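Counting from 1, the numbers follow the sequence of the chain as shown. The figures here come from the full heavy-atom set of this structure, side chains too, leaving out hydrogens, waters and symmetry mates. Every value quoted in this text rests on a predicted model; they were computed, and no experiment measured them.
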Amino acid sequence: MRWHPAVAAAIGRHTGRPLVFPGSETQWNGLTDVTDADLLASQMVWAATHPEGADQAFNTANGDVFRWRWMWPRIAAGLGVEAEGFDTAPRPFEQQMADAAPVWAEMVEQHGLVEPDITRVASWWHTDADLGRDIEVMTDMSKSRLAGFTEHHRTRDSFARLFERYRAARLIP
């Protein structure tokens, strides 16, 4: 999994730049949700091992909703960098990180990171596409809940766990 703000924040911390929200005003102010990969895996196991899940398609999301204007500063704080929110227009990561490859190479050397190729830890366009949408995004979990899958993850905790995994795997400093 590549969660690009973690890489962007590491680069920002290294260079003294803030973690700048890359997306749209709609994403910044609107409600949204995300899916923790561990939750997705758990739901897949549940669907494969419970009769209620047989031959069914289910949505998957953590189970809470948030606004990026609330979450972004918390993500930045968890990654040890200042946050900068939406201003007047999207500021895509592809543009923000255009000069990041040599900085990343320096960071890999300095911190003993395991992946020297920044394109293997971040494909900026992906986060730009997700956070650049001009629609709110919320996933209806009713079908899953009614069928018996009730696990949920608090998104703020999901991000914190993800950052710790990335650090432990030496993907980010």
Check whether the side chains of Ser142 and Arg145 place a donor and an acceptor atom closer than 3.5 Å, and report yes or no. no
What residues, two or more places apart in sequence or in another chain, satisfy salt bridge (charged side-chain N to carboxylate O under 4.0 Å, His left out) together with Asp140? none
Output, in order, the C-alpha distance, side-chain angles, deciding distance and verdict of side chain to side chain contact (heavy atoms under 4.5 Å, CB included) for His153 and Arg161. CA-CA 11 Å; His153 289 200; Arg161 280 191 306 274; 3.2 Å; yes
Ring-plane angle category for Phe159 and Phe163, please: parallel below 30°, perpendicular beyond 60°, tilted otherwise. parallel
Just wondering, do Leu113 and Trp104 contact through their side chains at under 4.5 Å, heavy atoms? yes
Would you call Asp117 and Arg120 a salt bridge, using N to O less than 4.0 angstrom? no
Nearest heavy atoms of Met138 and Leu31, plus distance in Å: SD-CB, 3.8 Å
Let me see the working for Glu164 and Arg167 under salt bridge (charged side-chain N to carboxylate O under 4.0 Å, His left out), right down to the final yes or no. CA-CA 5 Å; Glu164 285 308 312; Arg167 288 181 185 112; 2.8 Å; yes
To which residues is Phe58 joined in a hydrophobic cluster, defined by side-chain heavy-atom contacts under 4.5 Å among Ile, Leu, Val, Met, Phe, Trp and Tyr, whether direct or through other members? Leu39, Trp46, Phe149
Linking directly or through intermediates, with side-chain heavy atoms under 4.5 Å: list the remaining ILVMFWY members grouped with Val137, chain and number order. Ile135
Please write out which residues are connected to Val20 in a hydrophobic cluster, directly or through intermediates, given that two of Ile, Leu, Val, Met, Phe, Trp, Tyr count as joined at side-chain heavy-atom separations below 4.5 angstrom. none
Can you name the side chain to side chain contact (heavy atoms under 4.5 Å, CB included) partners of Arg165, sequence neighbours left out? Asp38
Hey, is the main chain of Ser123 close enough, under 3.5 Å, to the side chain of His4 for a donor-acceptor pair? yes
Contacts of Asp87 meeting side chain to side chain contact (heavy atoms under 4.5 Å, CB included) (sequence neighbours excluded), chain-then-number -> Arg91
